[in-house]
Amino acid sequence: MDFETVIGLEIHVELATKTKIFCNCKNEFGAPPNTHVCPVCMGSPGVLPVLNEEALRLGIRAALALHCEVRQSSKFDRKNYFYPDNPKAYQISQYDEPIGEHGYVEIVVGEENRRIGITRVHLEEDAGKLNHSAYGDSSYVDFNRAGVPLIEIVSEPDIRSAEEARLFLEELKAIMQYCLISDCKMEEGSLRCDANISLRPFGQEKFGTKTEIKNMNSFRNVQRGLEYERSRQEKILRGGDAVEQQTLRWDETTAATILMRSKEDAHDYRYFPDPDLPRILLTGAYIEDRLKEIPELPTDKRNRFEKEYGIPGYDAGVLTASRALSEYFDETAKHVKDPKVASNIIMGDVLGYLKTAEKEIDELPMTPAHLVELVGLMENGTISSKIAKNVLKDMMESGKAPKVIIEEQGLVQISDEGQLKAIAERVIAANPKSVEDYRSGKEKAIGALVGQVMKETKGKANPQMVNQIIIDLINQA
Amino acid sequence: MVELGIGIRQLHDALQRRELTATDLAEDSIARIREWDKDVQAFLKVTEDDARQRAKVLSGQAPQGLLEGIPFALKDNMTTRGVETTCGSKILSGYIPPYSAAVTEKLEAQGGNLVGKLNMDEFAMGSSTENSGYFPTRNPWDLTVVPGGSSGGSAAAVAAGMVAFALGSDTGGSIRQPASYCGVVGLKPTYGRVSRYGLVSYASSLDQIGPITNTVEDAAIVLQAIAGHDQRDSTSVRLEVPDFVSALSGDIRGLKIGLPKEYLDLGMDESMRAVFDTAVNQLRALGASIHEVTLPHTAYALSAYYLIAPAEASSNLARYDGVRYGFRAKDADNLLDMYNKTRSQGFGTEVKRRILIGTYALSSGYYDAYYKRAQQVRTLIRRDFEEAFEEVDLIISPTAPTTAFKLGEKTSDPLTMYLSDIYTIPVNLAGLPAISVPCGFISGLPAGLQMIGKMFDEATVLRAAHAYEKATDWTSRRPQIAKGGRA
């Protein structure tokens, strides 16, 4: 019997607000412990939460970007549980009236377009962070993260493989980044993912018993964790046993899932509406304004790039991985004759350079306008593609205009027929062997002759012209 | 000695005429506390050095605002930066708040001189101040009876003339009932009128801070000083604050006053009934018209309150876990053990009872039957009042069914204790403003008249209470202690 994998994800995304969700403390990663705290986010007696509107705006924007319906009336609830990182002993969250519901994300798996349902998107506050002493005798709490605004995104159990889960996450991350909702850095915890996974025989409608996996702290680990858990469950089922409903922890070092708690230990969070916070009431116009804040999303952009610029789906995928990169390409491709040339340069030289230089595209000194200019100079034959490569490198480092570099270094392509002919004649005279080879049918031999001309001109000769001139000269002789 | 109970305006006038200085008032307050508080036990903490310091600064100048140089004290559930704030609980012993409550800031900004923090039932849960984690407070009129609660320390301190006024908090009657028991004026403003920022939460949707004073005019002056929107409290209301003092016209001719027929069956004793009837007649004599109104869901108010308040409390009090501040039990084996021991040892019986009730009411499977049901009842009670207020301007009742009871009399029977708030609780559920004003004496103990107003209509409540006060003069009666002799 073959089993179908059923996966649903729960993703926490920290919102890129300036301040925390219910107080004025800074929302910033990496500060020394307990430096971004105040009585409110420390849960001091007598304090009250006040909703940061920026968090609300980003939450609504996120819900809309995931094609959710946004509730015009929603509320905050208290989720009650004791833990040292939870300063009020309750987390302000949304229980039965989330800000967004019934959305979806579209992904491409292989050749297939898949739509993954989004059950809900809700706003909540993050908890602090526990640091355990190396000696195991004490723990320290850092409340910098307590009160950082989060959205929790819950997917429908529509995901059918570990790879699909990773693709979904990548798409989700791109959407959040495009909309400037979050930087989604998994390594800093601004995107966190828990997964529910179960198996069922193909064709069966009823879900199998699921397990929940936590602590998968990279996209790669999400895929690995789910793959591991899928085969673990499959082994159990093939052995004729039943999967137990459990919460598991992915352990990277042993590459296995470890039991955290079983079903019986499930919490009763005693949710109830937070009496300190009034209902969130939104007008249609307010929601409409958030819709206007959403830029063209990755999927749409990908499709447009393919259609408008005629570039392959693969290129479109790479070039839309981040908003900044896609905008860079868009700005370039729009103004060149052949967008594929721009695509090749950006995917090859530019991304390669950024990777070695450990830089982001928005840190690149070279503007799209300069890149357009460079492509233009190649297209009109001012410089050869070989020279162009060197000019490009200089542009990426210095941010100088290509014309400036070309002039400074005297790199203008030699397209003067007379000048090229003179050099070609010399080369032909000096290489009778190659000429002979060519005449006897070895067409490749022409390349050696062209190469000689290029060498003599330090790469500045127009290679197409040189090629033609040499052929003509040999044929005339 | 100065009589601190003569009224804030009178004290202010004397300060302005330079007959008195802020130091005289502070010294008088401190002296009375020193002399009488070992009997009354209203204060958890006396900030005498700070008060003297403050008075010295204030004495150098003629007072501007009415509160400048006036000694006051706060119920110990309002935070005071740098001054221990315990909520009457062992679990917060030694807790020094890093910030001051909105009301503390406001009163201090207007020149009020804080002389100390007042005793209360632990976390405001109780009706006699016997649930204080430290010691019970006694009624200045009779040291063998309770001052009421949970703002018993506030009412007793004002009645004993130890301060010119105090703030209390009222979740189910905790300002009005002790004011009634101690023969002073207690005003619970409309929910949202006064910022709760810095009021340590008991039941967030019911809690409201208000003044406990010697006179109705004082209540108007103090409310004026503390009312208004505060962006740090999302439940505080963006409404213009009217001039409460100038609303005290003394004229209530044509005012329509409602008597809820259901209230008369709620275990009011005969002598209280007589006092209340007299008050009704006096109001009629002042030109008000009296109408019977009906509040049909009154019978369910107490049950709804004792689900909603404990439910919110169970969550609000969860933060006292020994991790960040306050008391932490020693000798814990692990985290869970630390939580258990800290909370078992730090909280008193009544607090634990309410946390358990509230936890149960919110538990999955019970939520709909208890908490949700109670909220539905609350809506009905609010509607009862809305409908009654279509007919009348004000609703009156006794503040409590009886006068103050003996210390220890009801401690073993919490349900009987809960009944002492039967007239005040519906008002909190509806969020309305209400005052308790002295209306007579029964066997030497004061009785209080409750006047309930429409939402945000404290002005009418104060006007009616003021007219009644002027016509009856009950507020000018002081216990022996306040006059300087033994009670």
Side-chain angles (χ1 to χ4, degrees), chain A residues 21-24 34 37-53 56 75-92 95-96 128 130 132 136-143 146 266-280, chain B residues 77-79 85-87 89 92 95 97-102 123 192 195-201 203-207 230-236 308 311-312 314-326 335-336 338-339 343 358-367 371-372 375:
Chain A
I21 186 166
F22 296 121
C23 65
N24 293 324
N34 296 312
V37 295
C38 72
V40 175
C41 56
M42 292 277 281
S44 294
V47 295
L48 296 168
V50 176
L51 178 63
N52 172 357
E53 203 201 327
L56 176 66
K75 64 178 167 76
F76 284 105
D77 300 280
R78 292 186 183 177
K79 179 181 181 177
N80 296 284
Y81 66 95
F82 285 95
Y83 204 62
D85 65 6
N86 182 17
K88 301 182 294 300
Y90 60 81
Q91 177 194 28
I92 303 177
Y95 180 52
D96 52 353
L130 282 190
H132 304 286
D137 59 345
S138 52
S139 299
Y140 304 90
V141 203
D142 176 5
F143 290 105
H267 284 294
D268 179 356
Y269 291 116
R270 305 191 309 281
Y271 282 101
F272 75 107
D274 192 328
D276 289 330
L277 288 160
R279 273 194 162 271
I280 309 167
Chain B
N77 58 354
M78 294 166 218
T79 60
T85 299
T86 68
C87 294
S89 180
L92 278 176
Y95 174 66
Y99 75 104
S100 279
F123 285 105
S195 171
R196 292 188 294 117
Y197 185 74
L199 170 67
V200 180
S201 296
S204 315
S205 73
L206 299 160
D207 298 341
D230 177 4
Q231 59 178 19
R232 295 168 298 181
D233 173 6
S234 308
T235 63
S236 86
I308 294 168
E312 292 182 7
S314 72
S315 175
N316 284 331
L317 273 62
R319 69 185 62 187
Y320 308 110
D321 57 7
V323 173
R324 280 147 298 126
Y325 46 72
L335 179 64
L336 185 64
M338 190 278 279
Y339 283 154
R343 291 169 65 81
T359 303
Y360 187 77
L362 290 176
S363 294
S364 100
Y366 298 97
Y367 180 87
Y371 186 75
K372 201 171 161 196
Q375 289 290 12

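Here the structure is a predicted model, which is why all the values come from computation and not from measurement. The sequence lines fix the lettering, A, B, ..., with proteins before strands; numbering per chain opens at 1.
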Given a strict heavy-atom distance threshold of 4.5 Å, which part of [X] is in contact with chain A: side chain, backbone, both, or neither?
{"X": "Leu92(B)", "answer": "side chain"}
{"X": "Tyr366(B)", "answer": "neither"}
{"X": "Thr85(B)", "answer": "neither"}
{"X": "Thr79(B)", "answer": "side chain"}
{"X": "Tyr325(B)", "answer": "side chain"}
{"X": "Pro98(B)", "answer": "side chain"}
{"X": "Gln375(B)", "answer": "neither"}

Would you mind telling me which of [options] has the largest number of heavy-atom pairs within less than 4.5 Å of chain A?
{"options": "Pro97(B), Cys87(B), Ser315(B), Gly326(B)", "answer": "Ser315(B)"}
{"options": "Leu335(B), Leu336(B), Asn77(B)", "answer": "Leu335(B)"}
{"options": "Leu206(B), Asn316(B), Asp321(B), Leu317(B)", "answer": "Asn316(B)"}
{"options": "Ser201(B), Ala101(B), Ala311(B), Gly198(B)", "answer": "Gly198(B)"}

So what's closer than 4.5 Å to chain B heavy atoms on [X]: side chain, backbone, both or neither?
{"X": "Pro45(A)", "value": "both"}
{"X": "Phe82(A)", "value": "both"}
{"X": "Phe143(A)", "value": "side chain"}

Could you go through the side-chain contact (heavy atoms from CB on, under 4.5 Å) check for Lys79(A) and Asp77(A) one step at a time? CA-CA 6 Å; Lys79(A) 179 181 181 177; Asp77(A) 300 280; over 6 Å; no
Arg232(B) versus Leu48(A), closest heavy-atom pair with distance: O-CB, 3.6 Å
Heavy-atom pair of closest approach, residues Arg279(A) and Lys75(A): NH2-CD, 3.8 Å
Decide if the gap between the ring center of Tyr371(B) and the ring center of Phe272(A) is smaller than 6.0 angstrom. yes
Are Tyr197(B) and Tyr99(B) near enough that their ring centres are under 6.0 Å apart? yes
Salt bridge check: are Asp276(A) and Arg196(B) linked by an N-O gap of less than 4.0 Å? yes
Do the side chains of Asp268(A) and Arg270(A) get close enough for a salt bridge, i.e. N-O under 4.0 angstrom? no
Choice from Ser139(A), Pro273(A), Pro49(A), Gly43(A) maximising heavy atom contacts with chain B below 4.5 Å: Gly43(A)
Assert top hit (heavy-atom pairs under 4.5 Å, partner chain B, pool Ser44(A), Gly46(A), Cys23(A)) equals Gly46(A)
Do the ring planes of His267(A) and Tyr81(A) sit parallel (below 30°), tilted (30 to 60°) or perpendicular (above 60°)? tilted
Taking atom OH of Tyr269(A) as the centre, report whether more than 12 heavy atoms of other residues, nucleotides or ligands fall under 6.0 Å from it. yes
Run the numbers on Phe76(A) and Tyr95(A) for side-chain contact (heavy atoms from CB on, under 4.5 Å), then give the verdict. CA-CA 7 Å; Phe76(A) 284 105; Tyr95(A) 180 52; over 6 Å; no
